[in-house]
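Just so you know, ligand 1 is whichever comes first in the structure, and atom 1 is the first atom listed for that ligand. Just so we're clear, the structure is a prediction, and the values are computed from it rather than from any experiment. Values below: all heavy atoms of this structure, side chains included; hydrogens, waters and symmetry mates excluded. The first residue in the sequence is number 1, and the count goes up from there.
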Amino acid sequence: MAFTDGQRVALMPPAQDHKRLRAGDRGPNTGGMGAAAPAPGVLYAGLMVTADGPRVLEYNCRLGDPEAQAVLPLLQTDLFAVLTACVEGVLEPSELTWRSDVHAVDVVLVSDGYPGAYPPLPDHKAALAAADRVQFQGKQYRQDIAARALAREILCAGRLTYKSAGVDIGAGDAFVSRISALLRQRPASVAVRGGLGGFGGVYDLAAGAADVRDPLLVAGTDGVGTKLKVGVRPAGRLGRDLVAMCVNDLLCQGGRPLLFLDYLAAGRLESAPLDQLVSAVLDGCRLAGCDLLGGETAEMRCVYSEGAYELAGFAVGVVARAHCLPRPDLMRPGDSLLALPASGLHSNGFSLVLLDGLQTQLSAVMAGLTAAGVVARPVRARCRVGVLISGSGTNLQALIDYAGRVDSSAELALVISNKDGVKGLERARAAGVPCQVIRHTAFAGREQFDLAMHAALEARGVQLVCCAGFMRILSARFVQLWRGRLLNIHPSLLPAFPGLHVHRQVLEAGVRLSGCSVHFVEEEVDAGALLVQRAVPVLPADTEAQLEERVKVAEHAAYPEAVELVASGAVRLGEHGRLVWRH
Ligand code: GAR
């Protein structure tokens with residue numbers, strides 16, 4: 001837009017109108033949803049930027065709105081004097097002055113439906129209030145008026161820079177060039193393509209792991225964390241610790257370290273320890289036999305205070321598929337656990353030191369552990385479990401498998417069957433679990449039989465008894481002797497369907513859900529506090545055998561889970577007959 005007296009022209013600052021209804025220049029065209037001035041690139045006449053470039057829309061012999069509302073507040077010269085000069089033909093463009101220290105922005109509030117048909121404003125006076133206080137049904141207005149112009153203006157004026165945001169690029173560059181000098185002292189291996197020192201890098205696996213058959217990549221990440229605060233070691237050594245922690249995690253998987261990348265963030269990069277840190281990372285890589293492929297260094301004054309920093313990294317290694325660790329399939333109860341004494345505090349445990357201020361006490365503990373030397377057997381005693389069976393023993397098998405796991409709190413001490421020649425006995429023998437047949441038919445009464453079992457269990461030092469498909473009702477005496485240490489699995493969601501022929505009962509009842517229950521045994525049959533239950537659907541075409549099969553799958557997960565709860569001491573039976581959970 002411009003003032004003119006017919007001969008001379010005084011340009012006004014350009015204003016940018018926002019014609020589209022919605023933010024991001026979407027929605028239908030309107031008479032203008034707001035304007036900002038000054039804005040670069042647009043001179044009045046009205047122009048529109050199209051896919052084919054700018055096009056003149058119109059010339060007007062008037063101020064356009066809302067542009068005028070954004071432009072005129074910037075005019076320092078008296079508007080009446082300017083207009084008078086226009087009318088009298090004495091306009092002196094050079095005498096017009098405009099404010100350059102402020103921006104003017106106007107935002108238009110429009111009715112729902114605009115720019116189509118729209119209802120009149122219910123209260124036109126409301127439009128005079130501040131935009132965010134104006135309320136009327138369907139009110140809409142753009143919140144991004146002038147956003148782009150402002151961002152450009154700020155950037156052009158140099159007000160928004162990394163420096164102004166507190167980041168010193170120069171210091172970063174200087175730091176990186178010091179690191180590059182360090183890197184040059186240690187040439188990369190042939191597997192590194194394109195050199196070291198970038199944010200990332202390329203590693204030629206065929207060259208670096210040519211000797212590894214059927215290679216798998218292993219990776220690990222870590223940070224130096226809270227030991228930064230402890231100050232137990234020189235800052236530079238932490239870099240070595242960092243590499244060690246990452247490559248140790250590869251070693252646990254059988255991996256040989258190939259490459260390492262570090263991430264160093266600091267409040268201020270000029271701080272002296274940072275050079276030492278990176279130099280120590282390089283040292284760590286040398287010791288671990290891997291390349292420092294790249295890294296990122298960030299100065300973040302808004303996150304880290306002066307002198308504070310964080311150092312993290314990750315390592316990638318390689319392992320032949322056949323040598324990948326761990327091998328749980330080879331681990332057995334009774335295996336030896338070897339521990340090597342540490343020469344002092346290294347990787348972990350520093351949060352504890354910080355938390356309790358126990359630095360000296362912890363050192364004493366560490367010294368004691370070191371003096372104790374190699375720990376030859378697991379410290380934790382496992383709960384000795386006896387299993388009572390009558391048949392196929394698939395639940396027994398699930399318990400055998402569970403007890404064979406290294407993290408199990410139970411070991412199987414004895415299997416007793418009241419019948420000879422059942423499959424469950426084969427399973428026990430195959431797993432090397434001691435087993436015994438005690439025929440109930442050989443005893444005059446239920447209690448005598450139970451007491452024989454009791455004696456056998458005691459003789460084996462059993463601490464917890466599990467009935468797994470044991471099809472005998474236990475005497476009150478036996479239940480009392482083992483109360484709180486006696487579990488049973490039942491193939492229904494108790495208290496529904498206790499007793500025998502459970503799946504037939506379930507199908508006849510027409511319920512849609514069944515399952516299994518593991519519970520502490522009480523004198524009343526299939527009663528007692530429930531430890532674990534698992535549900536399975538009852539399908540429309542189910543036979544008893546099909547439902548039994550499905551329930552058994554659930555049982556094989558539920559029983560080990562329940563035994564672990566009791567064997568680990570997480571749950572016990574309270575005096576009142578209900579579960580007591582250890583918190
Ligand atoms: C299991 O379904 C178990 O719940 C059930 O006998 C089956 C034994 O199978 N027990 C009872 O019904 C006890 N009332 P398994 O011998 O294959 O473990």
Salt-bridge contact Asp542-Arg512 (side-chain N to carboxylate O under 4.0 Å) = no
Donor on one side chain, acceptor on other, Thr394 and His556, under 3.5 Å:
yes
query: Is there a donor in the side chain of Asp249 and an acceptor in the side chain of Gln253, or the other way round, less than 3.5 Å apart?
result: no
- Just checking, Arg472 and Phe449: is the charged tip under 6.0 Å from the six-membered ring centre and within 45° of the axis? yes
Residues pairing under side chain to side chain donor-acceptor pair (under 3.5 Å) where one sits in residues 456-467, two or more places apart or in two chains, turn out to be none
Counting only non-hydrogen atoms and a 4.0 Å cut-off, the residues near ligand 1 are Ser392, Gly393, Thr394, Asn395, Gly469, Met471, Ile489, His490, Pro491, Lys552, Glu555
- Item | Contact check, side chains of Phe260 and Leu293, non-hydrogen atoms, under 4.5 Å | no
